[in-house]
Visitor: 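Could you have a look at this structure, given as structure tokens, before my questions?
Lettering of chains follows the sequences in order, A, B, ..., and the numbering in each one begins at 1.
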Amino acid sequence: MRIATWNINSVRLRIGLIERFIDSHNPDVLCLQETKTINDTFPVKALDAKGFKHQHILGMKGYNGVAILSRQPLTNKGSRNWQERADCRHVFADLPNGIEIHCCYVPAGGDIPDPVANDKFAHKLGFMDEKATWWSNQKHNKKPKILVGDLNVAPLEHDVWSHKQMMDVVSHTPIEIEKFMAWQKAHQWTDAVRHFIPYEQKQYSWWSYRAQDWKTSNRGRRLDHIWVTPSLVSSLQGTETLQEARDWGPKPSDHVPVMIDIA
DNA sequence: ATGGTAGCGTAGCTA
């Protein structure tokens with residue numbers, strides 16, 4: 001089974017890129033973030049025509065929005081609010097094989113890495129604290145699980161182009177990484193991408209629109225993640241990050257698809 | 001130290 005996650009930055013604008021990705025990489029489950037539309041205008045029919053007949057979508061006007069798209073039926077579909085905001089950042093469902101899948105979109109956190117000066121950064125830190133607490137309290141739930149999404153943190157030294165220069169840049173600050181790791185530890189999540197990619201190897205899933213030439217400057221960050229619970233680790237078969245999609249036209253997303261294959 | 005781009009929806013917010 002191939003699971004993919006992609007921050008699409010408007011599902012309506014980029015439905016053609018999604019179709020291209022489905023044709024070229026044949027995912028079984030595709031999780032999207034930043035769909036940026038209410039459910040009524042989500043491209044349900046186009047995705048149904050591509051074989052994704054089972055869709056769990058949660059969108060709002062203009063911002064955020066998440067979706068789980070599946071070739072196989074989804075059951076126990078749900079969603080959750082965080083930091084007392086109904087801002088469409090988390091959906092989950094069960095797959096026929098018994099795996100519970102979660103699609104998350106963590107707040108970006110604004111530009112200033114100070115929770116006093118920047119409400120958006122405080123919100124991001126609180127969001128991850130709440131995630132850690134909630135997942136810690138889910139320990140009784142023994143179902144195998146996969147958590148994917150744009151988590152907006154690049155936690156490891158080689159998840160950013162320059163660890164030194166990024167330490168005071170939101171997404172790679174020590175306080176964010178501390179809270180991110182606490183969340184990961186709270187449910188014994190394993191980073192399924194780094195399970196295959198050596199720690200020393202640079203690995204990115206996002207490159208800014210603001211660079212003149214994203215590929216030449218290559219100042220990327222690994223913001224998009226796939227985590228699995230312990231019993232699934234031995235079933236992991238491989239991972240792929242589709243860097244070439246950063247050039248897919250006419251208008252690419254600033255994030256690229258991240259995939260795992262699991263037996 | 002600064003400014004650079006993009007989407008939604010049509011101003012200004014968010015990323």
Visitor: How about CD on A:Gln237, more than 12 heavy atoms from neighbouring residues, nucleotides or ligands closer than 6.0 Å, or not?
Guide: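 It does: A:Gln237 CD has more than 12 such atoms within range.
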Visitor: Any carboxylate oxygen within less than 4.0 angstrom of a Lys/Arg side-chain nitrogen, looking at A:Asp261 and A:Arg2?
Guide: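 Looking at A:Arg2 together with A:Asp261, the answer is yes, because their closest N to O distance falls below 4.0 Å.
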Visitor: Considering heavy-atom distances to DNA chain B, does A:Pro107 or A:Lys251 have its closest nucleotide positioned more toward the 5' end?
Guide: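 Of the two residues, A:Lys251 wins.
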Visitor: Using a cut-off of 6.0 Å, state whether more than 12 heavy atoms not belonging to A:Lys215 lie near its atom NZ.
Guide: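 At most 12 heavy atoms, drawn from other residues, nucleotides or ligands, come within 6.0 Å of this atom.
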Visitor: Distance between the P atoms of B:dT5 and B:dG9, in whole angstroms?
Guide: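 Approximately 22 Å lies between the P atom of B:dT5 and that of B:dG9.
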Visitor: Is any NZ, NE, NH1 or NH2 atom of the basic residue among A:Glu176 and A:Lys124 found under 4.0 Å from an Asp or Glu carboxylate oxygen of the other?
Guide: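 Looking at A:Glu176 and A:Lys124, the cut-off is met.
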Visitor: Using a heavy-atom cut-off of 4.0 Å to chain A, what are the terminal contacting nucleotides of DNA chain B, in 5' to 3' order?
Guide: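 Range of nucleotides within reach of chain A: B:dG4 to B:dA15.
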Visitor: Return the 5'-most residue of the pair A:Arg12, A:Tyr105 with respect to DNA chain B, ranking by each residue's nearest nucleotide.
Guide: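 Its nucleotide being nearer the 5' end, the pick is A:Arg12.
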Visitor: Categorize A:Arg221 for me: base, sugar-phosphate, or nothing, with a 4.0 angstrom heavy-atom threshold over every strand shown.
Guide: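 It contacts nothing in the nucleic acid.
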Visitor: Could you tell me which residues satisfy ring pair (Phe, Tyr, Trp, His ring centres under 6.0 Å) with A:His90, sequence neighbours excluded, listed by chain and number?
Guide: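 Applying ring pair (Phe, Tyr, Trp, His ring centres under 6.0 Å) to A:His90 gives A:Trp82, A:Phe92, A:His102.
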Visitor: Salt bridge between A:Asp111 and A:Lys120, side-chain N to carboxylate O under 4.0 Å?
Guide: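 No, no charged N to carboxylate O under 4.0 Å.
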Visitor: State whether the number of non-hydrogen atoms from other residues, nucleotides or ligands found under 6.0 Å of A:Lys202 atom NZ is greater than 12.
Guide: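 Check passes, neighbour count above 12.
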Visitor: Which heavy atom of A:Cys103 sits nearest a heavy atom of A:Val66, and at what distance?
Guide: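 The pair with the smallest heavy-atom distance is SG-CB, 4.0 Å.
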Visitor: Taking atom P in both B:dG3 and B:dG7, what distance in whole Å separates the two?
Guide: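 Comparing P positions in B:dG3 and B:dG7 gives a spacing of 23 Å.
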Visitor: Using the P atom on both, measure B:dT2 against B:dA6 and round to a whole Å.
Guide: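 The same atom, P, in both gives a distance of 23 Å.
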Visitor: For nucleotides B:dG4 and B:dC8, find the distance between their P atoms and express it as a whole number of Å.
Guide: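 One P to the other, the span is 22 Å.
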Visitor: Please name all residues satisfying ring pair (Phe, Tyr, Trp, His ring centres under 6.0 Å) with A:His56, sequence neighbours left out, ordered by chain then number.
Guide: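 Applying ring pair (Phe, Tyr, Trp, His ring centres under 6.0 Å) to A:His56 gives none.
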Visitor: Return the residues of residues 206-217 of chain A meeting this criterion: a heavy atom under 4.0 Å from some atom of DNA chain B. Order them by number, or give none.
Guide: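 Here the set is A:Tyr209, A:Arg210.
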Visitor: Which residues within residues 55-63 of chain A lie with some heavy atom under 4.0 Å of an atom in DNA chain B?
Guide: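 The answer is A:Lys61, A:Gly62, A:Tyr63.
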Visitor: Mind checking if A:Arg219 touches a base, just sugar-phosphate, or nothing, with heavy atoms under 4.0 Å?
Guide: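 Here A:Arg219 touches no strand at all.
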Visitor: Which value, in whole Å, describes the distance between the C1' atoms of nucleotides B:dA1 and B:dG12?
Guide: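 Nearest-Å result for B:dA1 against B:dG12 at atom C1': 25 Å.
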Visitor: For A:His163, what residues pass the ring pair (Phe, Tyr, Trp, His ring centres under 6.0 Å) criterion, not counting sequence neighbours?
Guide: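 Partners of A:His163 by the ring pair (Phe, Tyr, Trp, His ring centres under 6.0 Å) criterion, ordered by chain and then number, come out as A:His172.
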Visitor: Is it true that A:Trp183 and A:Trp227 have ring centroids separated by less than 6.0 Å?
Guide: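 Under 6.0 Å, so yes.
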Visitor: Considering only the C1' atoms, how many Å lie between B:dT14 and B:dT10, rounded to the nearest integer?
Guide: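 Result for the C1' pair: 16 Å, nearest Å.
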